[in-house]
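First the structure, in the form of structure tokens, and then the observations on it.
First the proteins, then the strands, lettered A, B, ... as listed; each starts at 1. The figures here come from the full heavy-atom set of this structure, side chains too, leaving out hydrogens, waters and symmetry mates.
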Protein chains: 2
Amino acid sequence: MDRQSVVTSLSALAHGGRLDIFRLLVKAGPDGLPAGEIARSLQVMPNALSANLKVLSHAGLIGSRRDGRSIIYAADYSAMSNVLGFLMEDCCGGDAAICAPLVDIAARSACCAADAPNMPA
Amino acid sequence: MDRQSVVTSLSALAHGGRLDIFRLLVKAGPDGLPAGEIARSLQVMPNALSANLKVLSHAGLIGSRRDGRSIIYAADYSAMSNVLGFLMEDCCGGDAAICAPLVDIAARSACCAADAPNMPA
DNA sequence: TCCATATTTCAAAGGTAGTTGAACAATGCG
DNA sequence: CGCATTGTTCAACTACCTTTGAAATATGGA
């Protein structure tokens, strides 16, 4: 994963509304949620939601598939872990002796990374 | 950790130059690096570096202390883990059965979180 | 075909953030 | 004290991002 992709992902998440969307999808799991339900849950207008979903999708953080009239979005866990990995690469120069607290948070982050409903392209 | 703090942190990292700085400090470990050395390593002008260090510092991602004429910056690992934790909170609705790949990356992220040279304030 | 639902696209307005060069502090040494 | 070194601040300019409302596209059912 190159630096530019990571910057794009972080930029996508560096926005209150999009962070809410992403976290909702992270909680929702691999099955995802239809756009309309996201809009209702977060109380945002559909056009604003669509714009933000597009940004997250372009960053690769979420995927989408159509189901009838609805479009279902789901978090891409592997993309997320790539970003986290890039951030923490070669942490402490490889010497992870004094490290501990991050293991905890890391363990809690361990999550559904199997086949999410990824986009057609 | 509230949502706004996380957005501030992600915004700080959503910039090529600042991402380079942060990753360099993550690699450097708790002892950190003087600003001048960062500038030399990344080949950036001192005023631009100073501006970016200020953004990262204001976001709480790095700390600083003066040592003679130099100012030494170091990554704040606990701030980083707070951000990661917020992103992955209640992942998959608490059911982490199907999850695995993120554990790997998480383990690699485990790192120096002990007393970094935090700022005076 | 006609309509309702679900979601996206477009364009204009406003605000926010990045870049650059020059000037300004703070420290240490002779 | 005077000067070189190390970092920081300021101000102007540019560019990008966000927001909002209205119009457009796509699907499913009568």
I want to confirm an ordering. Mapping A:Asn47 and B:Ser50 to their closest nucleotides on DNA chain D, which one lands closer to the 5' end?
B:Ser50
Positional range of nucleotides in DNA chain D within the contact set of chain A, heavy-atom, under 4.0 Å:
D:dT18 to D:dG28
Please identify each residue that fulfils side chain to side chain contact (heavy atoms under 4.5 Å, CB included) with B:Val6, with sequence neighbours left out.
A:Leu19, B:Met1, B:Leu10, B:Val83, B:Phe86
Using a cut-off of 4.0 Å on non-hydrogen atoms, how would the nucleic acid contact of B:Ser70 be classed: base, sugar-phosphate, or nothing?
sugar-phosphate
Heavy atoms only: give me the nearest B:Tyr77-B:Gly29 pair and the separation to one decimal.
OH-CA, 3.3 Å
The correct set of residues in residues 13-25 of chain B placing a heavy atom under 4.0 Å from DNA chain C is B:His15, B:Arg18
Heavy-atom check, side chain of A:Val7 versus side chain of B:His15, under 4.5 Å:
no
Qualifying salt bridge (Lys or Arg N to Asp or Glu O under 4.0 Å) pairs, either residue in residues 43-61 of chain B, two or more places apart:
none
Minimum heavy-atom distance B:Phe22-B:Leu61, with the two atoms named
CE1-O, 3.6 Å
Side-chain touch B:Leu84/B:Met88, heavy atoms, less than 4.5 angstrom:
no
Please list all pairs meeting salt bridge (Lys or Arg N to Asp or Glu O under 4.0 Å) that have one or both residues in residues 6-16 of chain A, counting only residues at least two apart or in different chains.
none
May I ask you to test the A:Asn52-A:Val44 pair for a side-chain heavy-atom distance under 4.5 Å?
no
Would you mind reporting whether A:Leu25 and A:Leu33 have side-chain heavy atoms less than 4.5 Å apart?
yes
Can you name the side chain to side chain donor-acceptor pair (under 3.5 Å) partners of B:Ser5, sequence neighbours left out?
B:Asp2
Donor-acceptor contacts, no H, no angles, side chain residues 34-41 of chain B, under 3.5 Å, sequence neighbours left out:
unit_1	atom_1	unit_2	atom_2	d
B:Ser41	OG	B:Glu37	O	3.0

Bounded by its outermost nucleotides with an atom under 4.0 Å from a heavy atom of chain B, the footprint on DNA chain C reads C:dG18 to C:dG28
Is there a side-chain contact between B:Arg18 and B:Val55 in this structure, where contact means two heavy atoms from C-beta onward sitting under 4.5 Å apart?
yes
In residues 33-45 of chain A, which ones come under 4.0 Å of DNA chain D, going by heavy atoms?
A:Met45
Residue list, salt bridge (Lys or Arg N to Asp or Glu O under 4.0 Å) with A:Arg3, at least two apart or on another chain:
B:Asp20
